[in-house]
Amino acid sequence: HSAGGVDVTLLVCTSAYPTPSTAVNLRRIPALARHFACPTGFSDHTVGWEAAVGAVYVGATMIEKHFTTDRNLPGPDQWFSSDPSEFAELARRVREAETLLGTPDLVHTECEVYARTEYRVSCGAARDLAKGYALQEGDILFRRPADGAPPAELENLLGKTLLCDLRRGAPIHVKMVS
């Protein structure tokens with residue numbers, strides 16, 4: 001979003017130093033983003049990294065955080081500012097939050113694709129079965145991995161004649177029967 005030709009990000013900020021948890025109100029971030037139709041971030045005056053990471057979870061696109069090399073330095077903000085160690089942890093946690101949020105694309109991840117095959121069950125031969133045999137209820141079991149017909153296809157298999165021999169445990173597909 002731009003104002004006067006300059007890109008703008010609106011930062012939600014509570015001017016209390018440090019800001020107590022009861023005054024943070026991170027839900028203002030998405031509310032202001034909707035209201036002003038622009039990127040919205042968080043100007044964090046809390047102690048620690050938790051509020052900044054929470055801001056990422058509710059949609060903050062930018063985080064501003066007070067930083068110091070030494071909390072014992074003079075100045076009003078030094079004592080509650082993030083030191084290098086805490087700031088590194090904040091950055092690590094923000095990146096982890098971004099990873100956890102993922103994308104809005106409704107697609108299966110690689111591990112879900114694997115799980116769909118490896119953890120679901122499918123129809124398999126309960127015993128050795130010969131070509132030409134008409135499948136009965138006790139001839140089919142549900143087994144992992146899901147490389148055969150899904151259990152919902154059971155009714156389309158029962159009473160049908162096998163077009164090939166099957167060894168015990170082998171997957172059964174609808175195309176294997178007539």
field: salt bridge (Lys or Arg N to Asp or Glu O under 4.0 Å) evaluation trace for R167 with D128
entry: CA-CA 4 Å; R167 305 271 315 158; D128 290 346; 3.8 Å; yes
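- In the hydrophobic cluster analysis, where Ile, Leu, Val, Met, Phe, Trp and Tyr join through side-chain heavy atoms closer than 4.5 angstrom, Y133 is grouped apart from L141.
- A134 and D139 make their closest contact through O-OD2, 4.0 Å (heavy atoms, listed as atom of the first residue, atom of the second, distance).
- If you chain together hydrophobic residues whose side chains sit under 4.5 Å apart, L129 and L163 never meet in one group.
- Note on F42: it does not cluster hydrophobically with F80, by side-chain heavy-atom contacts below 4.5 Å among ILVMFWY residues.
- Rounding to the nearest 0.5 Å places CG of D44 at 9.5 Å from CD of E50.
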task: Run the numbers on T14 and V24 for side-chain contact (heavy atoms from CB on, under 4.5 Å), then give the verdict.
output: CA-CA 7 Å; T14 302; V24 173; 5.7 Å; no
task: Verify side-chain contact (heavy atoms from CB on, under 4.5 Å) between C123 and F142, making sure each step is shown before the conclusion.
output: CA-CA 5 Å; C123 295; F142 298 125; 3.8 Å; yes
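- Ring orientation note: the planes of Y17 and H45 are tilted relative to one another, at an angle of 30° to 60°.
- Looking only at atom types and distance, the side chain of S85 has no donor-acceptor partner in the side chain of D83 under 3.5 Å away.
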E110/H108 under side-chain contact (heavy atoms from CB on, under 4.5 Å): CA gap, chis, key distance, verdict: CA-CA 7 Å; E110 189 176 313; H108 294 292; over 6 Å; no
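- The structure places CD1 of I140 at 4.5 Å from CG of L158, a figure rounded to the nearest 0.5 Å.
- Counting non-hydrogen atoms of other residues, nucleotides and ligands closer than 6.0 Å to CZ of F67 gives a total above 12.
- Annotation for R71: atom CZ counts as buried by contact number, over 12 foreign heavy atoms lying within 6.0 Å.
- Shown here for A149 and L157, the closest heavy-atom pair between the two residues is CB-CD1, 4.3 Å.
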- request: Apply side-chain contact (heavy atoms from CB on, under 4.5 Å) to E89 and R92, showing your working.
  value: CA-CA 5 Å; E89 181 69 7; R92 188 184 74 71; 3.0 Å; yes
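- Taking CD1 of I29 as the reference point, atom CG of L11 lies at 9.0 Å (rounded to 0.5 Å).
- R28 CZ to L10 CG: the interatomic distance, rounded to the nearest 0.5 Å, is 10.5 Å.
- When only modelled atom types and interatomic distance are considered, E153 and N156 share a side-chain donor-acceptor pair under 3.5 Å.
- A 4.5 Å side-chain heavy-atom check between P18 and W79 finds at least one atom pair inside the cut-off.
- Under a cut-off of 6.0 angstrom, the local environment of CZ in R27 is sparse, with at most 12 non-hydrogen atoms contributed by other residues, nucleotides or ligands.
- Hydrophobic clustering (side-chain heavy atoms under 4.5 Å, transitive across Ile, Leu, Val, Met, Phe, Trp, Tyr) groups L100 together with V58.
- The shortest distance between side-chain heavy atoms of R143 and V121 does not fall below 4.5 Å.
- At distances below 3.5 Å, not a single donor-acceptor pair connects side-chain atoms of S15 with backbone N or O atoms of C13.
- Smallest separation of non-hydrogen atoms from S122 and P151: CA-CD, 4.3 Å.
- Y119 and V113 fall into different hydrophobic clusters, where Ile, Leu, Val, Met, Phe, Trp and Tyr are joined by side-chain heavy atoms under 4.5 Å apart, directly or via other members.
- Shown here is R127, whose CZ atom has more than 12 heavy atoms of other residues, nucleotides or ligands within 6.0 Å.
- Closest non-hydrogen pair, T46 versus K65, comes out as O-NZ, 2.6 Å.
- Summarising the geometry, atom CD belonging to E96 is positioned 6.0 Å from atom CZ belonging to R93; distances are rounded to the nearest 0.5 Å.
- In plain terms, the two heavy atoms of A97 and V56 that are nearest each other are CB-CG1, 3.9 Å.
- Nearest heavy atoms, T9 versus G41: CG2-N, 3.9 Å.
- Atom CD of E112 sits in a crowded spot, with more than 12 heavy atoms from other residues, nucleotides or ligands closer than 6.0 Å.
- Rounded to the nearest 0.5 angstrom, E118 CD and C111 SG are separated by 13.0 Å.
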